[in-house]
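Remarks on the structure that follows.
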Amino acid sequence: MANQHKNNIKNTKESVYMDELDKSILKLLSDDGRKSYRKISRELGVSVGTIHNRVDKLTKSDIITKFVPVLNHEKLGYELTTVVGIELRSGLVSDVFDITSYEENILAAYDVTGQFDAIVITKFKNTNELNNFIKELLKEDIIIKTYTQTVLSIAKEEINSSTEIINK
């Protein structure tokens, strides 16, 4: 069965094909990244070796890029979430993510179209940290302006595990 699977993951420029077993494995690992291959094999009714081989192939094909804990930021004291739009001088979008001493506050950073050149999703312990972050950004020559929105409540936040995508 492992040899058959070599044909099930097909790399193309646009996407990688996964069969239903791959999707089931990803769903279980997204729910609990520490779940053992043995438990996954029992739940899916396939051998441990098959699960090992499939996870290995998913990793080698860059569908799984890393295994990380999903943190509860509020328990760590990071109760303030913001979305920051950043307007930059032309051609310097990649530079913005190297300039701040508050890099650990950035959860996600995107090069985007529209009014801003970059959008960052951030977490802070308080408004003072946010204020310092914005002021540090604005000291940089490559940044023209920022626009900050404070998140009032979080309806969904699963930056590292989005299993809805694999179910399509």
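For the single chain, residues carry numbers from 1 onward in sequence order. Nothing here was measured: the structure is a model prediction, and the numbers come from that model. All values below come from the heavy atoms of this structure, side chains included, with hydrogens, waters and symmetry mates left out.
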**OP:** Check whether F124 and L71 end up in the same hydrophobic cluster, where Ile, Leu, Val, Met, Phe, Trp and Tyr are linked by side-chain heavy atoms less than 4.5 Å apart.
**Re:** no
Original post:
Counting only heavy atoms not in F67, do more than 12 sit closer than 6.0 Å to its CZ atom?
Top reply: yes
Original post:
Are any of the side-chain nitrogens in K27 or E43 under 4.0 Å away from the carboxylate oxygens of its partner?
Top reply: no
Subject >> Expected output: side-chain D22 to main-chain D19 donor-acceptor under 3.5 Å >> reply: yes
**OP:** For the pair I40 and V55, evaluate side-chain contact (heavy atoms from CB on, under 4.5 Å) and give the outcome as yes or no after the intermediate values.
**Re:** CA-CA 11 Å; I40 294 170; V55 172; 5.7 Å; no
Original post:
Angle class for the H52/Y37 ring planes (parallel below 30°, perpendicular above 60°, tilted otherwise)?
Top reply: perpendicular
Original post:
What's the spacing between K39 NZ and I51 CD1 if we round to 0.5 Å?
Top reply: 14.5 Å
Original post:
Can you tell me how far the CE atom of M18 sits from the CG atom of L26, to the nearest 0.5 Å?
Top reply: 5.0 Å
Original post:
Step by step, would you call I134 with T82 a side-chain contact (heavy atoms from CB on, under 4.5 Å)?
Top reply: CA-CA 11 Å; I134 297 300; T82 67; over 6 Å; no
Original post:
At what distance, to the nearest 0.5 angstrom, does CD1 of I121 lie from CD of E157?
Top reply: 8.5 Å
Original post:
Say you draw a straight line from OG of S47 to CZ of R42; how long is it, rounded to the nearest 0.5 Å?
Top reply: 13.0 Å
**OP:** Determine the minimum heavy-atom distance between K123 and Y78, stating which atoms define it.
**Re:** O-CD2, 3.7 Å
**OP:** State the CD1-NE2 distance between I154 and H73, to the nearest 0.5 angstrom.
**Re:** 9.0 Å
Original post:
Do you know the tightest heavy-atom contact between A118 and V112?
Top reply: N-CG2, 3.9 Å
Subject >> NZ-CZ distance between K57 and R54, expressed to the nearest 0.5 angstrom >> reply: 10.0 Å
Original post:
Checking N131 side chain against T127 main chain: does a donor-acceptor pair fall under 3.5 Å?
Top reply: no
Original post:
Which of these, T122, V84, L137, sits in a side-chain contact (heavy atoms from CB on, under 4.5 Å) with T148?
Top reply: V84
Original post:
Which heavy atom in K35 sits nearest to a heavy atom in L28, and how many Å separate them?
Top reply: NZ-CD2, 4.0 Å
**OP:** For I143 and L138, run side-chain contact (heavy atoms from CB on, under 4.5 Å): C-alpha distance rounded to whole Å, both residues' side-chain angles, the deciding distance at 0.1 Å, then the answer.
**Re:** CA-CA 6 Å; I143 295 180; L138 291 171; 4.1 Å; yes
Original post:
Within the distance-only criterion (no hydrogens, no angle test), does the side chain of D117 pair as donor or acceptor with the backbone N or O of E87 below 3.5 angstrom?
Top reply: no
Subject >> Exercise: identify the closest heavy-atom pair between D62 and T65 >> reply: O-CG2, 3.5 Å
**OP:** Taking the side chain as every heavy atom from C-beta outward, state whether L21 and T50 have any pair of such atoms under 4.5 Å apart.
**Re:** yes
**OP:** Check S24 against L44 and note the closest heavy-atom contact, atom names and distance.
**Re:** CB-CD2, 3.7 Å
Subject >> Taking every non-hydrogen atom, the tightest pair across I144 and L88 >> reply: CD1-O, 3.6 Å
**OP:** Take atom CG of N72 as the centre, draw a 6.0 Å sphere, and report whether it contains more than 12 heavy atoms from other residues, nucleotides or ligands.
**Re:** yes
